[in-house]
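What follows is a set of notes on a single structure, which appears directly below.
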Amino acid sequence: MGQLKIFNSLYRTKVLFQPIETGKVGIYVCGMTVYDFCHIGHARVMVVFDVVARYFKYLGYEVKYVRNITDIDDKIIARANEAGEDFSVLTTRFIKEMHHDEADLNVLRPDLEPLATESIDDIIRMINVLIERENAYVGDNGDVYYAVESFEKYGQLSGRKLDDMNAGERVEVDTNKRNPFDFVLWKPAKAGEPSWPSPWGEGRPGWHIECSAMATCCLGDQIDIHGGGMDLQFPHHENEIAQSEAATGVHYVNTWMHNGFVRIDDEKMSKSLGNFFTVREVLKKYRGEEIRFFVLSSHYRSPLNYSEEQLNESRSALERLYTAIRDVEPKRHHIKSDYIERFEEAMNDDFNTAKAISVMFECANDINKQRSLDPEQASLMAGDLLQMAEPLGLLAQDPNEYLQSTTGSDAAISNDDIDSQVTKRLQAKADKDWALADQIRDELKAQGVIVEDKGKETSWRRA
RNA sequence: GGCUGAGUGGCAGAGUGGUUAUGCAGCGGCCUGCAAAGCCGUGUACAGCGGUUCGAUUCCGCUCUCAGCCUCCA
């Protein structure tokens, strides 16, 4: 086995991965705040870390993959108020929707999905420790704050110093804080807001503390890998380190992984900018696997520019891959082929999925060449192709079913109607009525159906 | 102002101190009733300027441009 290297945001270099416990890996990823549908940026996190977890399994690791759900915060409360419903009704609904989107993207469920609201005891316990150790204090307004100056290494992850940051440039400084970068651990509830009892009165946790508490609770004081979007690097993950390491005295995370953003017109896709596409919307025109391929077609740390043109290319690319294994019986190799070697080499290099996929295409090309020359060889190569696709979560469907599946959730001509047209065309062909045969083919094409003749047989697919 | 990261052929996107990425699109050919799929062939790409080197797209420096973080955001 090659050696897996991962780019560690903490050191800004690729580092050989060393598990805390041999053969095992614990992964914690910051998941969704559930007050709305997932957008493509969320899809990227889900897919990227799904591949990370899958690849570790592929390498033979015992994986414990934890991805939390933030189900209490200001925005959730605001949304619930707008909708006139209890916040938990809202969050339960969007958790369900999130799982729905994940399934469409062939994202495997994490092993654990802890909820902030079910971790209140752990959160309170951790805040207590922080107060005892004088890393936290209660402000005049009743908020409990973390004192960033009490943590020497504050800024290590984001590579910034407290003095260099422009506090108050964009947001007014809260005078209850000792340092403008102090952040809330516990917040008293206003009338009518959801709250939990605590030593500091009825209230709710701040955002950062929940992840520290849940990660520690699920994976222990020290964890192998912690991931999330780049925008979480500061302040969220910086604050997590400060909280956890102050509370446990142990090095919190060995490897920090951050994925790049999805962009639209070279601008970050985000909720605050309002320029986002939900997974739901995109699924109206594209298959889930096409979105997944699109995400994996570039390296996870690079920006990913969203466009229909890109999605169309992903569609063509998947068509090529599925077409290659259509009508070939895949067989598993006993030895590791050159493809697999190169695939693993790419994946071992910081999960270079773009490069890994290029190996898959070379394999597909060879299958196409060998298909008629040496079917046995083609079968073995198809086995290789599927072996490579598995950790990427691609090519999991039956090729013909995939190729004939509708290209989105929008209404389309039914399979039955296509079949009857194809039958009509076969008759026309038998009659050598080429004009009619071509007309039927053109009509089907106008409805997104491509007809392919192979001798006396005719197959079709949707494009 | 501070701190990151990036600039590759028509598009997308890997990578490398000297040799073909890969996909899509294009062009020519084979196959086909015609197509489609597939196969074969086909592209003077590495922001600019200097430097190191026998040789740099790849290393170093500077310049320009873009993006991100410093507020909630995946």
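Chain A is the first sequence line, chain B the second, and so forth, proteins listed ahead of strands; every chain is numbered from 1. Predicted, not measured: the structure shown is a model, and the values here were computed from it. Values reported hereafter were calculated over all heavy atoms of this structure, with side chains retained and with hydrogens, waters and symmetry mates removed.
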Spacing of A:Lys355 atom NZ relative to B:A21 atom P, expressed in whole Å
13 Å
From NE2 of A:His258 over to P of B:C69, roughly how many Å is that when rounded to an integer?
13 Å
Geometric cation-pi criterion, A:Arg178 with A:Tyr145: 6.0 Å, 45°:
no
For B:A47, the Watson-Crick or wobble partner whose two distances fall under 3.5 Å
B:U63
Taking the six-membered ring for Trp, are the ring centroids of A:His208 and A:His237 within less than 6.0 Å of each other?
no
Distance criterion of 3.5 Å, no angle test: do you see the side chain of A:Lys268 paired donor-to-acceptor with the base of B:C73?
yes
Base partner of B:A37, which must satisfy Watson-Crick or wobble distances under 3.5 Å:
none
Let me spell it out: for each of A:Val359 and A:Met269, pick the nucleotide of RNA chain B with the closest heavy atom. Which residue's pick is nearer the 5' end?
A:Val359
Applying a 3.5 Å limit to both distances, which nucleotide forms a Watson-Crick or G-U wobble pair with B:G1?
B:C70
Atom-to-atom span, NE2 of A:His299 to P of B:A12 - whole angstrom:
19 Å
Using the P atom as the point on both nucleotides, what is the distance between B:A47 and B:U58, in whole Å?
8 Å
Geometric cation-pi criterion A:Lys75 and A:Tyr35, 6.0 Å radius, 45° cone:
no
With ring centroids as reference points, do A:Tyr55 and A:Tyr58 lie under 6.0 angstrom apart?
yes
Whole angstroms only, please: what is the NZ-P distance between A:Lys271 and B:C73?
10 Å
Any-strand Watson-Crick or G-U partner of B:U19, both distances under 3.5 Å:
none
To the nearest angstrom, the CZ-P distance between A:Arg342 and B:U22 comes to 10 Å
Taking the C1' atom in each of B:G9 and B:U44, what is the distance between them to the nearest angstrom?
11 Å
Cation over ring, A:Arg287 on A:Tyr402, under 6.0 Å and within 45°?
yes
On the six-membered ring of A:Tyr28, is A:Lys64 placed so that its NZ or CZ lies under 6.0 angstrom from the centre and within 45° of the ring axis?
no
Please confirm whether any donor atom in the side chain of A:Asp438 sits under 3.5 Å from an acceptor in the base of B:G33, or the reverse.
yes
Can you check whether any acceptor in the base of B:C34 is under 3.5 Å from a donor in the side chain of A:Arg441, or vice versa?
yes
Expressed in whole Å, how much space separates the P atoms belonging to B:G5 and B:G61?
13 Å
Looking at the base of B:C34, is there any donor atom on it, or on the side chain of A:Asp453, that sits under 3.5 Å from an acceptor on the other one?
yes
Between atom OH in A:Tyr306 and atom C1' in B:A74, what is the gap in whole Å?
17 Å
Could you state the atom-to-atom distance from CG of A:Leu373 to P of B:C40 in whole Å?
11 Å
Given atom CG of A:Asn8 and atom P of B:U4, what is their separation to the nearest angstrom?
16 Å
Ranking A:Phe7 and A:Ala354 by the position along RNA chain B of their nearest nucleotide, the one closer to 5' is A:Phe7
